Amino acid sequence: MILGLDPLYVGDFMGDLLVTLLKVVVAFVFLLISVMLMVWFERKLISDMQNRIGPSIAGPWGILQTLADGIKLFFKEDLVPDNADRFAFKLAPYLSLVPAFLVFAVVPLGGDFNGDDGDGVVTMFGHDTFLQVADPPMGILFFLAMSSIAIYGVMLAGWGSGSKYPLLGSVRASAQMVSYEAALGLAIAAVVLQTGSLSTHDMVLDQAAPGFSLGAFGIPNWNIIVTGFVPFVVFLIAGTAELNRPPFDLVEAEQELVGGFHTEYSSIRFALFFLAEFMNTITMSAVIVTLFLGGPAGPALFLPEGWWIGTVWFFLKLFIFLFMFVWFRATLPRFRYDQLMDLGWKLLIPLSLAWFIMLAGLRVGDSENWSTTKTYAFVLGFMAFCGLMATLLTAAINTARSERIKAMEDANG
Amino acid sequence: MSDYLRSYLTVGIFGLVGVALVGVFLGLGRILRPDHPNLAKNEAYESGVEPTGDMWSQANIRYYVFALLFVMFDVEAVFIFPWAARLEAYEVFGLIEMAIFIFILLLGLIYAWRKGVLKWV
C-alpha cells in the first residue's frame, strides 16, 4: 500500500534501511529510559501511598536512583552456583529480556488518525512510514508468541539454578503463566473479531473511526466499549497475572520462596531480569492501550493538528495503566495459589469463551441485517442460556459437596 | 523488497539489536566486576543453612496436568484466530460450527473440573 504511494521507496534501499535503523534505535532508547523512569515512578508512588518519602537523594526527587542502582550492579560479583546447569543459567536472561524488547516492535506509538485521510502515515526524510517499528500482518499473534517465549526464560532460570527455591518458583510461574495465557488469547480474539485483522495498525485505524453518537456526545469507537468491557477486564486481569505482578506475584512470594526463580542470580544478570520485568509492565500497558483504548487515536481538541497528537494521546493512556499497576501493588493482597488457578480456569476462561461466541453472533447478525428486536432476542437468549448453565453447574457442585460432607459425617458418627 | 517481508525483516533486526544489547550488558559486567569465587559462595541458597538432598526435587504432578489443559486451549486458539479474522466469509454456518467446537471444548473443561483436576490441594 505504502509502496504504491511512493515510487522512490522500492529502489531506495539505503534510505529504507536508515529509517528502519532510526526507528529501532529510538525504540530502544525510549524503552531503556522509560524503564528507568518507571522503576523510579513505582518506588516514589508506592512510598507516597505508604506515607514514606522514597528515593530522594540521587538527582532531583531521586529520579536518578535507578541509574545509580544499575551502575552499582555492574560492579557486583557474579556468582554461578556449583550445582547450576551453566548453559541454561546463562541463557535464561536472554530469553527473558529479548522477548520483552520485541513485543514493543508491533506497538503503534503515534501518527495522525484524525479526519478522513488520517491513516497514521508519517513522512520521515521523504519516506512514508508508520510510527511503529514494524507492522507485520500477524501483529498481535507476535505479542502472544513473545509472551510464551518469556515463560522459557523464567522456566530455564529456575531449573538451571540447581537450587530448590528457584525451581519451585519457576514451576509455579510457568503453570500460572500458561493458565492465564489461554484467557489472554481469548480476550484478544474478541478484539480480532471486531477488527477483522491481526495487524495492530489496522486495530488502531478501526478504533479511530467515528463511533456511535449519543446526542451531542460522540462515543469513541474504542474496543473497550465496542466489545462490551468484559474482554477488557479479562485481559487486564490475565495481563497482570502474565506479568507476575501483585496481586499475582506468587512466583516471587518473598515469605515462601525468597526471590523465586531469580534467587541464585546476582550482579548484572539479576539486573537483566529486573529490567525485563519492568519492560514487560510497560509493553503490556502499551498493548492494552492499543487493543482496547484506541492506541494513538484521539481528537486534536484545542491543540494544533499534527502527527504528534497521536503520541501525546498514547502516552496519556499508557500512563493511566502504569499508574494502575502500581496502584494494584499498593492496594491488593496476594492471591493464594488455589484461588489463582480457580480464577483463571473456572471464571476467566468460560466467561471469555461465552462472551466471544456472543460477540461473534452479533457480528454475524450485523452482516445479515438482523432487526433490532432479533439482535436483542439473541443477546438475551444467549445470556439466559449461559446463566442457566452456570446455575446448574454451581448447583451440581454444591449438591456433590454437601453429599460428600454428609457421607463423611455419617462415617465418623 | 515487498512490504510483507520488510516488516518481518525489521522485527528480525530489532531482535538482533536486543540480543546484542544483552550481550553488551553482560560483557561490560564481566570487565568491571571482581571475581573471587569460593566454595561457600557457590553453594545453592537455602536460607543460610547448608543445602541438603537433591536440588532437582520432584514437582507436583498437578502442574503437568495444567500444562496439558493449556495445550488444549492453545490449539483451540489456532482455530479461533483465523476464523475470527475472516468472520464474514462463513456467516451463520461458521458461527454454528464454531459454537459447537467451543461447546465440546467447554465440556472437556467441565469434565476435568468434575474429575477434580482443577482443585488445588
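It should be emphasised that the depicted structure is a prediction, and the values quoted were computed from it without experimental measurement. So that the names make sense, note that chain A is the first sequence line, chain B the second, and so on, each numbered from 1.
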Requested in this report: Might you work through the side chain to side chain contact (heavy atoms under 4.5 Å, CB included) test for B:L21 and A:L97, ending with a clear yes or no?
Outcome: CA-CA 10 Å; B:L21 194 75; A:L97 191 59; 5.9 Å; no
Residue part contacting chain A, namely of [X], when any heavy atom lies under 4.5 Å:
X	value
B:F70	both
B:L106	side chain
B:A99	both

Between [options], which shows the greatest number of heavy-atom pairs under 4.5 Å with chain B?
options	result
A:Y165, A:F142, A:W159, A:F104	A:W159
A:L73, A:I397, A:V98	A:V98
A:L198, A:V25, A:V80	A:V80
A:A182, A:P136, A:P93, A:P81	A:P136

Query raised in the report: Is the shortest heavy-atom distance from the side chain of B:F66 to the side chain of A:W345 under 4.5 Å?
Result: yes
**Report entry** Flag side-chain contact, heavy atom, 4.5 Å: B:L69 against A:V178
**Finding:** no
Straight-line distance of [X] [atom1] to [Y] [atom2], nearest 0.5 Å:
X	Y	atom1	atom2	value
A:I268	B:L28	CD1	CG	7.5 Å
A:T195	B:L87	OG1	CG	12.0 Å
A:I349	B:F73	CD1	CZ	5.0 Å
B:W113	A:L393	CH2	CG	5.0 Å
B:I80	A:L193	CD1	CG	9.5 Å
B:I102	A:L353	CD1	CG	5.0 Å

Query - Heavy atoms from other residues, nucleotides or ligands near NZ of A:K90 exceed 12 (cutoff 6.0 Å) - result: yes
Query raised in the report: Does CG belonging to B:L39 count more than 12 external heavy atoms closer than 6.0 Å?
Result: no
Tell me the closest heavy-atom pair linking [X] and [Y], and the distance in Å.
X	Y	answer
A:A360	B:L95	CB-CD1, 3.6 Å
A:Y94	B:G23	OH-CA, 3.6 Å
A:S163	B:Y45	OG-O, 3.5 Å
A:A27	B:F14	CB-CE1, 3.7 Å
A:F74	B:R33	O-CB, 3.6 Å
B:F81	A:G185	CZ-O, 3.4 Å

If I measure from the heavy atoms of chain B, does [X] come under 4.5 Å with its side chain, its backbone, both, or neither?
X	value
A:E264	side chain
A:I188	both
A:D366	neither
A:R336	neither

Report task. Check the angle between the aromatic planes of B:W83 and A:F356 and answer parallel, tilted or perpendicular using the 30° and 60° thresholds. Result -> perpendicular
Query raised in the report: Among B:V92, B:D74, B:I31, which residue forms the greatest number of heavy-atom pairs with chain A at distances under 4.5 Å?
Result: B:V92
